[in-house]
Amino acid sequence: MRTNMSFDENVLVLVKKIPKGRVTTYKEIARALDSRAFRAVGQALKRNAKPVEIPCHRVIHASGEVGGYAGKGSSREKAELLRMEGVEIRGGMVDLERFGYRF
DNA sequence: CGCAGTCTAGCAC
DNA sequence: GTGCTAGACTGCG
């Protein structure tokens with residue numbers, strides 16, 4: 001990975017690969033990129049060039065918390081979307097053991 | 001609950 | 001071209 005592309009592009013590609021009804025954590029993404037730039041991943045998502053192709057709402061904290069979202073409804077809309085996709089949201093928390101997607 | 005650590009991208013000099 | 005700051009986070013104290 002990370003060949004011919006910048007870190008942010010790589011992150012976007014991974015996020016795009018997340019299947020519906022599944023979520024991933026910043027840690028997993030960073031790990032998939034062989035790095036520990038959890039924060040850089042968030043930066044890539046919030047500064048991404050194609051938000052329509054990047055379901056940032058499927059990217060949450062490693063604790064299962066939905067975390068933040070640079071979208072309109074912030075974390076609220078994010079949780080609503082995830083639940084709509086079949087992800088069990090509980091008080092803004094997701095069960096990573098069941099919906100946590102691993103690369 | 002609060003501080004420190006790790007990485008990239010962006011802005012300033 | 002080089003250096004510093006900030007950030008959608010994580011882990012440990």
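These figures come from a predicted structure and were not determined experimentally. Residue numbering restarts at 1 for every chain, and letters A, B, ... go by the order of the sequence lines.
Contact annotation for A:K27: backbone-only contact, meaning every heavy-atom pair under 4.0 Å involves sugar-phosphate atoms and none involves a base.
Side chain of A:A40, nearest nucleotide from B:dA9, B:dG5, B:dC7: B:dC7. Between B:dT8, C:dC9, C:dT10, one nucleotide has an atom nearer to the side chain of A:F7 than all others, and that is B:dT8.
Atom-to-atom distance recorded for A:N10:CG and A:L33:CG is 4.5 Å, nearest 0.5 angstrom.
Distance A:N48 CG to C:dG7 P: 18 Å, rounded to the nearest Å. Rounded to a whole Å, the CZ atom of A:F38 is 18 Å from the P atom of C:dG7. The CG atom of A:D8 sits 16 Å away from the P atom of C:dA8 (whole-angstrom rounding). A straight line from CZ of A:R39 to P of B:dA4 spans 13 Å, rounded to a whole angstrom. Between the CD1 atom of A:I29 and the P atom of B:dC7 there is a distance of 17 Å, given to the nearest Å. Rounded to whole angstrom, the span from the CD atom of A:E9 across to the P atom of B:dC7 amounts to 21 Å. Distance, A:E28 CD to C:dC9 P: 16 Å, rounded to whole Å. Between the CZ atom of A:R31 and the P atom of C:dG11 there is a distance of 11 Å, given to the nearest Å.
For A:H61, a side-chain nitrogen or oxygen approaches OP1 or OP2 of C:dT10 to under 4.0 Å.
Residues A:F103 and A:Y101 place their aromatic rings such that the two centres sit under 6.0 Å apart.
Listed for the A:K78 side chain is a donor-acceptor partner under 3.5 Å among the backbone atoms of A:G68.
When all heavy atoms of A:K27 and A:A62 are compared, the pair lying nearest together is CB-CB, 4.2 Å. Among all heavy-atom pairs drawn from A:Y26 and A:L45, the shortest one is CE2-CD1, 4.0 Å.
Nearest-nucleotide mapping onto DNA chain C: of A:Q43 and A:T25, the residue sitting toward the 5' end is A:Q43. Comparing A:R47 and A:A37, the nucleotide of DNA chain B nearest to each residue sits closer to the 5' end for A:A37.
Residue-to-nucleotide contacts include no donor-acceptor pair under 3.5 Å from the side chain of A:R36 to the base of C:dG11.
In this structure, C:dA8 forms no base pair with any nucleotide, since neither Watson-Crick nor G-U wobble geometry is met with both distances under 3.5 Å.
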